[in-house]
Amino acid sequence: MSNTNFQSLPGFRDFYPDDFAIRAHIMRTWREVARRYGFQEYDGPPLEPLELYTEKSGPEIVQQLYNFADKSGREISLRPEMTPTLARMAGARAGGLRKPIKWFSIPQLFRYERQQRGRLREHFQLNLDIIGEDDPAADAELLAAAIDMLRAFGLTEQDFVARVSDRRLLRALLLHAGVPEDQLILVYNIVDKLERDPREVIAKRLRDEAGMPDDAVERTLDIFRHTDFDAVRQAYGQTEGVAPEIERMSSIFDTLRAMGLMDYVRFDLSIVRGLAYYTGIVFELFDARGELRAICGGGRYDNLLAQVGGVQLPALGFGMGDVVLKELLTDRGLLPETRQSVDYYVIPVTPEQRPEVLALVRRLRDGGASVDYAFKHQGVGKQFKNASALGARRTVIIGPDDVAEGVGVVKDMDSGEESRIPLADIGRP
């Protein structure tokens, strides 16, 4: 027999009961908020054709995938994200689905990446998407849902901020600044690093990689000196090609203001999100102290369903992972108590009361209560210790005299109060 001491793979987690209770709490909260917003839950397979991901993100994505050839020689991959599966599924039934489609899922996702704080090689992620609606009200609704997801955990505007931009607005501003249209994607990816890299580094990359002249580089960087939406509107509100995008963004903010959520929102043109398929609003939610990775990110991707699902439908969505969210809730002391508890622990005084114990256990469980008892007979004191260790709210003691009288002694474990109750009435309102 091997003496090998196996361990979990790097970047993968074991969920012991306390850990699983936290995971269940996070998912339960996600589901409840999604329900309030009228979203339906769906799921897809954890394995998909490799081409589904390379079609969306290019061949370079393979370096981040758990991919392999199956026994039939098909190139497949564990899912690194859910959006391509959603696009495939929605595209397959697009004609028969009522629009807008409002779906959510909580898949486990897998990426072969370098581990760091807030990033593992697997995680669970809430995906919330709206398909078939291009009105800015849908953009506001999606962002409101993301904000309310965090509010439902007890987080406030002191704990997190939603940083919001728009690809269409940024595109119009960059074209006005002199960025060549065929260099827009490259410029998006360069300016996405504005928060991490010095401006002179960004300027050099714009000159060297995008081939932009100095005056266009300066005009481009000037765009990002405007730190709020009103400043952008004042500077560019009358600019041809830009004004309609400013009005669209204004409509989104007006909706969020009417919902009472603008205290959580900050306009920030540097939020680009490097994914090339975003076509409109883009946003990320960060902890207010700036200590963690993004908690959530998403935006509008109006062309992806045509690319992956074969149907032209506008769409938008976000992903919120459990790893960073758990760290934030831990830092703020907002995780629930995970101590195990049961409603009843039933204690026979002698082995002869076991039939009555089992009958009561069965009836209480049928009524929806959580109930435990000792599999092997133990002394009453030991059984009380077990009940306490399990966090039992009540114990029921059944002794020889109790059986004769058809009663049990119910003890409230918090108050210590005891009462003799007919066995048939225990557990009833």
Side-chain angles (χ1 to χ4, degrees), residues 53-54 56-65 80-81 111-119 161-229 231-232 235-236 239 241-242 245-246 249 266-286 290-301 303-304 307 319 324:
Y53 304 114
T54 57
K56 169 180 168 286
S57 302
E60 62 275 7
I61 189 68
V62 174
Q63 300 303 315
Q64 300 177 25
L65 301 182
E81 57 174 316
R111 279 185 184 260
Y112 192 84
E113 296 182 304
R114 183 173 63 86
Q115 298 175 69
Q116 51 187 288
R117 187 182 184 195
R119 174 181 284 175
V161 61
R163 295 164 59 185
V164 185
S165 182
D166 191 287
R167 274 288 181 91
R168 289 165 297 202
L169 174 56
L170 183 58
R171 176 182 183 275
L173 290 169
L174 291 175
L175 289 175
H176 174 69
V179 175
E181 186 152 9
D182 62 356
Q183 296 295 315
L184 280 172
I185 296 297
L186 173 59
V187 172
Y188 288 154
N189 290 330
I190 293 173
V191 299
D192 193 29
K193 306 297 188 296
L194 266 169
E195 193 168 77
R196 283 168 282 179
D197 295 340
R199 296 179 78 86
E200 54 269 22
V201 172
I202 300 298
K204 185 175 188 302
R205 290 188 63 191
L206 290 173
R207 286 191 293 268
D208 295 349
E209 298 177 34
M212 292 170 56
D214 289 342
D215 58 342
V217 169
E218 282 305 309
R219 287 194 299 270
T220 297
L221 293 178
D222 279 343
I223 293 170
F224 298 96
R225 291 191 173 94
H226 300 292
T227 57
D228 61 61
F229 182 66
V232 171
Y236 302 100
T239 303
V242 178
E245 305 308 334
I246 288 178
M249 195 85 246
R266 191 172 90 212
F267 179 70
D268 186 345
L269 279 171
S270 69
I271 296 297
V272 177
R273 292 192 61 76
L275 301 176
Y277 62 79
Y278 283 115
T279 59
I281 188 174
V282 287
F283 59 85
E284 292 181 332
L285 274 61
F286 288 91
E291 297 170 346
L292 302 171
R293 299 174 57 82
I295 310 160
C296 165
R300 181 171 280 279
Y301 51 93
N303 299 324
L304 185 63
Q307 181 183 353
V324 177

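In this chain, residues are counted from 1 in sequence order.
- The CD atom of Glu195 lies 11.5 Å from the CD1 atom of Ile202; values are rounded to the nearest 0.5 Å.
- Across all non-hydrogen atoms, the minimal contact from Leu221 to Ala203 is CD1-CB, 3.8 Å.
- Taking the side chain as every heavy atom from C-beta outward, His176 and Arg219 never approach each other to under 4.5 Å.
- Met249 has its side chain out of reach of Val232: every pair of non-hydrogen atoms, C-beta onward, lies at least 4.5 Å apart.
- Using a 4.5 Å heavy-atom threshold, the side chains of Phe283 and Cys296 count as touching.
- Between Gly241 and Ala172, the closest heavy-atom pair is O-CB, 3.4 Å.
- Listed here is the closest heavy atom pair of Ala210 and Gln183: CA-OE1, 3.6 Å.
- Counting heavy atoms from C-beta on, the side chains of Ser57 and Gln64 never come closer than 4.5 Å.
- When all heavy atoms of Phe224 and Leu194 are compared, the pair lying nearest together is CG-CD1, 3.4 Å.
- Taking CG of Leu170 as the reference point, atom CG of Leu175 lies at 9.5 Å (rounded to 0.5 Å).
- Closest of all the heavy-atom pairs between Gly298 and Tyr278 is CA-OH, 3.5 Å.
- Checked against salt bridge (charged side-chain N to carboxylate O under 4.0 Å, His left out), Asp222 has the following partners two or more places apart in sequence or in another chain: Arg225.
- A distance of 9.0 Å separates CG of Leu269 from NE2 of His226, quoted to the nearest 0.5 Å.
- In this structure, the side chains of Leu169 and Val242 come closer than 4.5 Å at one or more pairs of heavy atoms.
- Atom CG of Leu173 is separated from atom OG1 of Thr239 by 8.0 Å, given to the nearest 0.5 angstrom.
- Not one N or O on the side chain of Arg163 forms a donor-acceptor pair closer than 3.5 Å with the backbone of Ile271.
- Distance check: Arg111 CZ to Arg119 CZ gives 8.5 Å after rounding to the nearest 0.5 Å.
- Distance CD1/Ile223 to CG/Leu174: 4.5 Å, rounded to 0.5 Å.
- Counting heavy atoms from C-beta on, the side chains of Thr279 and Arg167 never come closer than 4.5 Å.
- Taking the side chain as every heavy atom from C-beta outward, Val62 and Tyr53 never approach each other to under 4.5 Å.
- What you find for Met212 and Pro180 is that their closest heavy atoms are CG-CD, 4.3 Å.
- Evaluation of the side-chain hydrogen bond (donor to acceptor under 3.5 Å, both in side chains) test over residues 201-211, restricted to residues two or more places apart or in two chains, returns Lys204-Asp208, Arg205-Glu209.
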